[in-house]
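As structure tokens, the structure follows; a few thoughts come after it.
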Amino acid sequence: MVPDDRRARRNVIVLVAAQAILGAQMSVIFIVGGLAGQILAPNPCISTLPLSMIVLGSALTARPLARFMQDRGRQAGFMLAVLAGGLGAALAAWGLSAGSFWLFMAGSLLTGIYMSAQGFYRFAATDLASEDYAPRAISWVMAGGLAAAIIGPAVVRVTDGLTAVPFLATYLAVIGLNALGPFLFAFLDSPRPAPAEADADAGRPLAELLRQPQIAVAMICGMVAYALMNLVMTSTPLAVVGCGFAPTDAANIVSVHVLAMFAPSFFTGHLIARFGAERIVAVGLFLLALAGAAALSGVELSHFFATLILLGMGWNFGYIGATTMLSRAHAPEERGRVQGLNDAVVFGGVFLASLSSGGLMNCSGGSVVAGWNAVNLAMLPFLVLAGGALIWLMLRPADA
């Protein structure tokens, strides 16, 4: 019998649009957030702290937001998130107007709630999908990030210089993007979960879920793929400019990196369906290792381009593959606990990576090259951890 995925396909269209339009705010904020922080920060050493606060907000709210969606449904959770995103942008705009770094930081923390919810778009795509369609659904939703990567910089260009206060118009535009959320999610066909009965099966306890190898390994691989991508990407502009190249060169390298992150999503789901999620995750980890090797081999523009292209592709295969592994390893009633904990772990790792990146780059050795090498060498133990866990899982007997 051919599964009926019509409702799932409709949801994928809505979620792709949300990823492209609402998700553009993350591109906007990560472009201008550090520059705005540099204007407001009392100490230049903490100018990028607002960006880390966004990731921290995501890590802190992933589990509560997942529980909220489990109880109230995806629509309610996503509506709450765009409200938080709009309030966060408004608070950041207020901070810019008032010259307050701490107001700006508070706005960034609220933005983290939206970022956390955006991570659940990929899971929402699988809620009504058949097992065969689920990997493709995840891939299409992630591919929406390619449009977001185009829309976000366009918003920055259009709003640049429109107000006397730098970046104020940009954050006002972010408020407008979030205002589109309720219109998009009105088309999401995601029924509100039925109230749980007193004797209903609530699924396995969290401790038991974490002892399931497929769940534990999926979390490890997803966290490592995302955190290492963030670790290297954050340091790249500093390394490129520090090695004597122009800021425009750094921008071009990051643009190609974003393309490499999202363009493979058009076929990643097909590869997972054909070869299995575990093998695609393994390819992703291998590409991340190749990215580190390319970075350590030299500091010409060609090395930076190769590093960031491999890094983006490695993230795509590793992260989408790990998401697919996780989505197949738990029952529907366990969804909130498993997905919430997973994203708390993932964004917790990304938060630590974002904090570590600048320290490794600026405080490891006496030169830019030494710092860049330290960043890329730091990938090795985490790749060994994820690769070892994945090999162990793949070699286990099927009935174990």
Side-chain angles (χ1 to χ4, degrees), residues 23 25-65 81 84-85 87-96 100-119 152 156 167 170-171 174 222-239 241-242 250 254 257-258 261 311 315 319 342-364 371-372 374-376 378-379 382:
Q25 68 185 286
M26 299 314 305
S27 297
V28 170
I29 291 171
F30 276 97
I31 290 170
V32 304
L35 298 172
Q38 195 170 37
I39 294 171
L40 297 173
N43 186 321
C45 295
I46 60 171
S47 61
T48 60
L49 191 57
L51 299 181
S52 295
M53 291 299 290
I54 295 173
V55 182
L56 178 62
S58 298
L60 292 176
T61 58
R63 292 187 67 189
L65 189 57
L87 289 175
L91 203 55
W94 184 15
L96 285 167
S100 171
F101 182 67
W102 306 111
L103 274 176
F104 190 75
M105 290 268 287
S108 297
L109 191 65
L110 275 177
T111 297
I113 300 175
Y114 169 77
M115 183 178 178
S116 179
Q118 184 176 315
V156 174
F167 310 118
T170 304
Y171 277 90
V174 171
M223 182 270 290
V224 167
Y226 211 136
L228 294 186
M229 185 276 293
N230 185 274
L231 175 75
V232 178
M233 181 189 67
T234 301
S235 294
T236 297
L238 299 175
V241 175
V254 172
H257 166 68
V258 173
M261 284 176 63
L311 190 73
W315 172 84
Y319 191 54
N342 174 76
D343 277 18
V345 169
V346 168
F347 286 119
V350 175
F351 173 66
L352 293 176
S354 69
L355 287 180
S356 303
S357 184
L360 287 169
M361 186 68 212
N362 296 320
C363 305
S364 300
W372 177 240
V375 167
N376 288 279
M379 297 173 68
F382 299 99

Testing the basics here: between F104 and A36, what is the closest heavy-atom pair and its distance to 0.1 Å? CZ-CB, 3.6 Å
Within 6.0 angstrom of F382 CZ, more than 12 heavy atoms from elsewhere: no
Between OG of S52 and CG of L109, what distance do you get to the nearest 0.5 Å? 11.5 Å
Roughly how far, to the nearest 0.5 Å, is OG1 of T111 from CD1 of I29? 4.5 Å
Nearest heavy-atom neighbours spanning G88 and L110: CA-CB, 3.7 Å
Where is the tightest heavy-atom contact between V28 and V174, given as atom of each residue plus distance? CG1-CG2, 3.8 Å
How far apart are the closest heavy atoms of L65 and S116, and which atoms are they? CD2-OG, 4.0 Å
Taking atom CE of M233 and atom CG of L311, what is their separation to the nearest 0.5 Å? 8.5 Å
Considering all heavy atoms of both residues, which atom of G85 and which atom of Y114 are nearest to each other, and what is their separation? CA-CB, 4.0 Å
Between OH of Y319 and CE of M261, what distance do you get to the nearest 0.5 Å? 9.5 Å
Do any N or O atoms from the side chain of S108 and from the backbone of I54 form a donor-acceptor pair under 3.5 angstrom? no
Nearest 0.5 angstrom please: L352 CG to N230 CG, how far? 10.5 Å
Distance check, rounded to the nearest 0.5 Å: W315 atom CH2 versus L228 atom CG? 13.5 Å
Report the C-alpha distance between V156 and F167 in whole Å, list the side-chain angles of each, state the deciding distance to 0.1 Å, and finish with yes or no for side-chain contact (heavy atoms from CB on, under 4.5 Å). CA-CA 8 Å; V156 174; F167 310 118; 6.0 Å; no
With heavy-atom distances below 4.5 Å as the criterion, would you say the side chains of P50 and F101 are in contact? yes
To check you understand the geometry: which heavy-atom pair defines the closest contact between S100 and L103, and what is its length? OG-N, 3.1 Å
